[in-house]
Structures are given as structure tokens and as C-alpha cells.
Amino acid sequence: MVPSDRLAAFALLSLLLIVVPGPSVLFVVGRALAHGRRAALITVAGNTLGAYVLVAVVALGIGSIVERSLLVFTALKLAGAAYLVYLGVRAWRQRGSLRASFAEPVGPGHGAVRTFREGFAVGVANPKTTVFFGAALPQFVDRGQGHVPAQMLLLGLVFNAIALASDSVWGLAASAARDWFARSPRRLSAVGGAGGLTMIGLGLTVAVTGRKD
């Protein structure tokens, strides 16, 4: 239902957002560093499900309103773009925040259900993802094809597939590199800084693209 060019463009935009260390990535990395690979992967699964709940909310609720109103669409798009830029600036200024992952005590460990639940909570409450879905999903549907909510749900599946793969890589890499990071946590500052700049660029991209009707 979604044209292939729009699907590819959305996948690329999603990838740019997903690889940036935001709340979900920070949480997955924190679980990996504190509790290891298994906890990280369970967290990713919960986080992915939480993010898809946001997709459903946009597709079946907010999205239909945005799709019918250019004014609402433009307002939401610009608000979303401004918030993404704000997150990027904050990430740049606080680019050493990933080091806080090592400040968390390891403790006795988490059960699988609790770990999954915590990952879900972070995914469903992630402001970066909420803003992205609300501002970007309506831009990539083809209203002439009809079934707008179904198109948004499909786009959401693409986003979540990329997120599942990317967050899993983050978790596996962090769990494998626990000792390396422990010797110099400042190495994480570079990751946060690069993520901030990418977020700013993504916000500007969202602001200047979209429907013209």
C-alpha cells in the first residue's frame, strides 16, 4: 500500500533516528553494562513492543486527525522538529551522560518479566519516538491509496524492525565491551556528541519536508 520510494525514504529517516543514542538506547546500554547480554536483549524486546503501541496510537487516533488537517499537520510537524532539535542540543551539551550507566549498581539481577516490563515502559514513554511518529508518519502515507491507518501501521513495522536490529546491536556491543568501557568511560562521550548532532540534523529535515497541499 505504501509506495516503495516513500517506504525507502521512511526507512532511511527511521535509521537516522534509531541509531542516535536516545532514551531507549541509553536504557538498553545501561541494562547491558549492569546486567549483561540476556538482560539487554529482553529489554530490547520490551522496548520494541512499547514503541509499536505508540505507532498504533498515532495510526488509529492522532494520525487520522493529522491526515485530514494541513494546519494540524504543520503545527505538529514544526513542534516535533523543534523538539528533536532541542533533544539534539541537550544531547550535545550532556554528551557525557552515557557514563552514568556505570554508576548504577549491578545488584542481584533482574528477572525476565521485570526486565521486559521495564523495557516496555521506556519504549512507550519515549518522547523522541512519540514526536517522530506524530510528525513523520503522516508525511509518508499515500492518501490516494486509502487505508491510511494501515499504511501507518506498516510504516511502524518497518521502524520497529530497524529498531529491533539496531538496539540489539547496541546491547550486544555494550555487553561485550563492558571491560573496555570500564577502563575509560569517557569514550562514551563521543557517542553522545555525535548523536546530538545527528538529532539536530534530523529535526531540521523533518521541518523542511512534508506534504504541500
Side-chain angles (χ1 to χ4, degrees), residues 1-26 28 44 47-60 62-67 70 72-92 122-124 126-145 147-170 191-213:
M1 289 184 289
V2 181
S4 58
D5 58 335
R6 297 193 185 192
L7 198 61
F10 178 79
L12 178 59
L13 193 62
S14 298
L15 179 63
L16 292 175
L17 177 77
I18 289 165
V19 297
V20 174
S24 293
V25 169
L26 287 173
V28 169
V44 169
N47 188 277
T48 302
L49 180 60
Y52 199 70
V53 169
L54 294 179
V55 173
V57 169
V58 172
L60 302 177
I62 298 174
S64 62
I65 299 174
V66 173
E67 189 270 332
L70 178 61
V72 174
F73 166 80
T74 303
L76 183 59
K77 182 184 73 168
L78 293 179
Y83 189 65
L84 288 171
V85 171
Y86 162 76
L87 288 178
V89 171
R90 190 176 68 175
W92 170 259
V122 171
V124 80
N126 187 343
K128 184 178 78 170
T129 308
T130 304
V131 168
F132 178 75
F133 287 153
L137 278 180
Q139 298 188 44
F140 291 92
V141 300
D142 186 345
R143 288 174 291 155
Q145 298 277 350
H147 306 288
V148 170
Q151 291 187 56
M152 291 186 180
L153 290 173
L154 175 60
L155 291 169
L157 283 176
V158 172
F159 179 95
N160 275 269
I162 297 172
L164 181 64
S166 176
D167 290 355
S168 295
V169 170
W170 273 105
V191 176
L197 293 177
T198 304
M199 187 81 71
I200 292 171
L202 181 61
L204 296 176
T205 299
V206 169
V208 301
T209 58
R211 51 194 259 202
K212 306 298 183 183
D213 59 331

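Numbers here simply count residues along the sequence, with the first being 1.
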Can you name the residues that form a side chain to side chain contact (heavy atoms under 4.5 Å, CB included) with L157, not counting sequence neighbours? Y52

Using every non-hydrogen atom in the two residues, find where R6 and Q139 come nearest and quote the distance to one decimal. NH1-O, 4.3 Å

Would V55 and M152 count as a side-chain contact (heavy atoms from CB on, under 4.5 Å) here? Give the steps. CA-CA 7 Å; V55 173; M152 291 186 180; 5.5 Å; no

Please enumerate all residues that pass side chain to side chain contact (heavy atoms under 4.5 Å, CB included) together with I162, with sequence neighbours excluded. A11, S14, L15, I18, V158

Interatomic distance, CZ@F159 vs CG@L17, rounded to 0.5 Å, equals 5.0 Å

Return the minimal non-hydrogen interatomic distance between L153 and A56, and the atom names on each side. CD2-CA, 4.0 Å

What are the two closest heavy atoms between A59 and P149, and how far apart are they? O-CB, 3.5 Å

Shortest non-hydrogen separation from L137 to G156 and the atoms involved: CD2-N, 4.4 Å

With a 4.5 Å limit on heavy-atom distance, are the side chains of V57 and F133 in contact? no

Shortest non-hydrogen contact from V44 to S168? CG1-OG, 3.6 Å

When you look at V2 and D142, which way does the side-chain contact (heavy atoms from CB on, under 4.5 Å) test go after all the steps? CA-CA 6 Å; V2 181; D142 186 345; over 6 Å; no

What residues, two or more places apart in sequence or in another chain, satisfy side chain to side chain contact (heavy atoms under 4.5 Å, CB included) together with A161? none

Which word best sums up how the rings of F140 and F10 line up, parallel for under 30°, tilted for 30 to 60°, or perpendicular for over 60°? perpendicular

